[in-house]
Amino acid sequence: MNPKEILTVEQMSNMLNESGLSEVILWAVPIMLGLVLLEWIVSMIYNHQVYEGKDLLASIGIGIGNLIVSAFIKTVLFSCALLVYNFVPWSIPITWWSFLLCIVWLDFCSYFSHRISHENRFWWSTHVVHHSSEQYNFSVSFRLSWFQHLKMIFFLPVLLVGFHPVVMFIVNQFAVLYQFWIHTEFIKKLPRPIEYIFVTPSHHRVHHASDEKYLDKNYGATFIIWDRMFGTFHPEEEKPTYGITTPVNSYNPVYLVFHELLDIIKDIRQAKSFREAWRVTFMSPTKLGLARKAEAEKAQKKAEEKELVA
């Protein structure tokens, strides 16, 4: 590791522009839309029913909103990254192997960021929109929350170990693009070595399922090895039921993005104590849902017993 000079936002922007990879996601948009069209045509030919008109428009609307928000806060993200990077006195040089190391380390951080986004209700509110569709196709990858960038806090360790922000942002863009191809039903299970190391469509179909045995599984973004290591892996068995356990029943992009946050605010207002408010805000959505289900069943049982006595 070599000593480094203080990096500025302007220098970072220039380095990204010179790399030719600063807007790789925008360049990929026409290709992704083309593949969405191709998948839709194939699904129509084979009557596979993986697309629904309003659901597709909702996904595209959410995707456009995310691109707009990302463009507006780009400088803020750069500034936060530079603040952390400049804080530490060491750095990893920009070389071919630093990109490879960054891919692994970024994905490791992504695993825990993703896991927290499912096991903590506040962070779930920044991710739930991605799971709101009951379809599973390429367009679902466009469903990215407009305030998901709050999760950048979980990626600060990438900068704290000394990876250059330019390396991090380039690697992150390709990591985001990797997510596109795994959102499809047309690619079945791949050869075992690939399925063992990398996240595949089969793994990610499980992740998007609302079936109880599939809940909170397969958090990996690029590598599935983290799930195997930390006990959150589940293979695809029965065909998954896609969506969330409590359907939203809306195609409004704005409501789909913010509905869980609105529900949290509503639950906080109805909370009878600080402890209950904390619980409904930060508890695991899965555990909270099961607890509420148990409470509802208990109340119903009591009501039935009263009717029998009467």
Side-chain angles (χ1 to χ4, degrees), residues 25 29 32-33 36 39-40 49-74 76-77 113-114 116-152 176 179-180 183 204-205 207-211 214-216 219 240-271 276-293 296:
I25 291 180
V29 167
M32 291 190 289
L33 290 175
V36 167
E39 186 184 43
W40 177 75
Q49 314 254 331
V50 298
Y51 278 93
E52 197 279 326
K54 291 181 180 179
D55 189 79
L56 172 60
L57 290 175
S59 295
I60 293 174
I62 293 167
I64 292 173
N66 178 65
L67 288 175
I68 293 172
V69 171
S70 297
F72 270 105
I73 66 171
K74 184 176 180 179
V76 175
L77 293 175
S113 170
H114 197 178
I116 291 170
S117 296
H118 278 260
E119 299 179 8
N120 178 295
R121 194 184 180 197
F122 170 76
W123 292 107
W124 171 240
S125 71
T126 71
H127 182 61
V128 62
V129 64
H130 185 63
H131 288 263
S132 58
S133 175
E134 295 180 2
Q135 310 292 321
Y136 194 74
N137 51 60
F138 285 144
S139 74
V140 173
S141 66
F142 301 157
R143 292 188 177 223
L144 299 175
S145 175
W146 299 346
F147 58 110
Q148 65 163 345
H149 297 292
L150 289 173
K151 290 185 288 188
M152 184 182 178
V176 171
Q179 297 299 299
F180 175 78
H183 290 87
H204 210 59
R205 285 193 289 269
H207 179 68
H208 272 259
S210 59
D211 309 278
Y214 288 153
L215 289 177
D216 300 336
Y219 295 119
T241 302
Y242 303 114
I244 53 180
T245 53
T246 305
V248 187
N249 298 320
S250 174
Y251 296 108
N252 184 322
V254 178
Y255 184 71
L256 286 170
V257 170
F258 293 103
H259 75 91
E260 184 67 17
L261 187 61
L262 294 173
D263 286 346
I264 291 175
I265 294 172
K266 179 181 177 181
D267 288 343
I268 290 174
R269 287 176 174 174
Q270 295 177 347
E276 184 181 352
W278 181 273
R279 174 173 169 265
V280 297
T281 304
F282 299 108
M283 188 177 182
S284 160
T286 300
K287 291 180 180 179
L288 181 63
L290 291 174
R292 286 178 168 175
K293 182 180 179 181

Euclidean distance, [Y] [atom2] relative to [X] [atom1], rounded to 0.5 Å:
| X | Y | atom1 | atom2 | answer |
| --- | --- | --- | --- | --- |
| S141 | Q179 | OG | CD | 8.5 Å |
| I73 | F147 | CD1 | CZ | 12.0 Å |
| L261 | T281 | CG | OG1 | 10.0 Å |
| I264 | L262 | CD1 | CG | 9.5 Å |
| L144 | L67 | CG | CG | 8.5 Å |

Taking all non-hydrogen atoms of both residues, which atom of [X] and which atom of [Y] are closest, and how far apart?
| X | Y | answer |
| --- | --- | --- |
| S70 | H149 | OG-NE2, 2.9 Å |
| I25 | M32 | O-CE, 4.3 Å |
| L215 | A209 | CD2-O, 3.8 Å |
| D55 | Q135 | OD2-CG, 3.6 Å |
| V129 | S132 | O-OG, 2.7 Å |
| N137 | V50 | ND2-O, 2.6 Å |

Could you pull out all residues at least two apart from [X] that satisfy side chain to side chain donor-acceptor pair (under 3.5 Å)?
| X | result |
| --- | --- |
| S284 | none |
| N120 | none |
| S125 | none |
| Q148 | N66 |

Counterpart residues, ring pair (Phe, Tyr, Trp, His ring centres under 6.0 Å), relative to [X] (two or more places apart):
| X | value |
| --- | --- |
| Y214 | H234 |
| F180 | F138 |
| H131 | H118, W124, H127, H207, H208 |

Between the main-chain N or O of [Y] and the side-chain N or O of [X], is there a donor-acceptor pair closer than 3.5 Å?
| X | Y | result |
| --- | --- | --- |
| W123 | H114 | no |
| T126 | F122 | no |
| S210 | T241 | yes |

field: side chain to side chain contact (heavy atoms under 4.5 Å, CB included) partners for A71, two or more places apart
entry: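 Counting only residues at least two positions away or on another chain, A71 forms no side chain to side chain contact (heavy atoms under 4.5 Å, CB included).
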
- prompt: In chain order, what residues pass the side chain to side chain contact (heavy atoms under 4.5 Å, CB included) check against I68, with sequence neighbours excluded?
  reply: I64, F72

query: Just wondering, do Y242 and S133 contact through their side chains at under 4.5 Å, heavy atoms?
result: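 Side-chain contact under 4.5 Å: no.
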
query: Can you name the salt bridge (Lys or Arg N to Asp or Glu O under 4.0 Å) partners of R121, sequence neighbours left out?
result: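 Expected list: E260, D267.
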
message: Restricting to salt bridge (Lys or Arg N to Asp or Glu O under 4.0 Å), what partner residues turn up for E39, sequence neighbours left out?
response: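 Applying salt bridge (Lys or Arg N to Asp or Glu O under 4.0 Å) to E39 gives none.
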
Enumerate donor-acceptor pairs with a distance under 3.5 Å from any side-chain N or O in residues 247-256 to protein atoms, sequence neighbours excluded.
residue, atom, partner, partner atom, Å
S250, OG, N252, N, 3.1
N252, OD1, V254, N, 2.9
N252, OD1, Y255, N, 3.3

- request: Anything under 30° is parallel, anything over 60° is perpendicular, the rest tilted; go ahead and classify Y136 against H183.
  value: tilted

